[in-house]
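Both backbone and side-chain heavy atoms feed into the values below; hydrogens, waters and symmetry mates do not.
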Amino acid sequence: MRAMTDLTATLLERLDEHLLPAADPVRAAAQAAYMKGQFPFLGLPAPPAKAGTRGPGRPAPSGRGRAAVRRNRAVVP
């Protein structure tokens, strides 16, 4: 296994700083059970998890991609 670089350690510290305060142990247990205990979870729903990992200056996705997919599905059976 490779040694952790300073950049990796900094990234993990920042993720912990943003995501751990929002952790929900009850939800985490349910998420782990769903995946049959294969992975650890914090119990975060997707929107807060995504917001916590978005860097400063990086805007939230506009959602236009999803609308285009919906339009394409409506046209093509």
Side-chain angles (χ1 to χ4, degrees):
M1 186 171 233
R2 300 174 108 179
M4 191 180 321
T5 65
D6 290 339
L7 178 61
T8 304
T10 301
L11 176 63
L12 290 174
E13 287 173 17
R14 288 185 182 173
L15 284 172
D16 285 347
E17 182 181 300
H18 290 287
L19 298 178
L20 288 178
D24 179 354
V26 174
R27 187 181 203 127
Q31 290 172 336
Y34 178 77
M35 294 302 292
K36 300 186 179 184
Q38 296 179 49
F39 312 103
F41 288 88
L42 292 176
L44 300 174
K50 289 178 183 177
T53 58
R54 192 172 293 119
R58 185 171 169 210
S62 65
R64 281 185 261 157
R66 288 185 180 166
V69 169
R70 282 193 295 268
R71 280 194 306 271
N72 290 338
R73 283 187 188 154
V75 172
V76 179

field: From CD (E17) to OG1 (T10), nearest 0.5 Å
entry: 11.0 Å
Side-chain donor/acceptor pairs under 3.5 Å, residues 20-36, sequence neighbours excluded:
residue : atom : partner : partner atom : Å
D24     : OD1  : V26     : N            : 3.2
D24     : OD1  : R27     : N            : 3.4
Q31     : OE1  : G43     : N            : 3.1
Q31     : NE2  : L44     : O            : 3.3

- prompt: Among all residues two or more places apart in sequence or in another chain, which pass the side chain to side chain donor-acceptor pair (under 3.5 Å) test with T8?
  reply: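 Once residues adjacent in sequence are excluded, the partners of T8 under the side chain to side chain donor-acceptor pair (under 3.5 Å) criterion are T5.
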- request: Give the cluster check for L11 versus L42: same hydrophobic cluster or not, with ILVMFWY residues linked at side-chain heavy-atom distances below 4.5 Å.
  value: yes
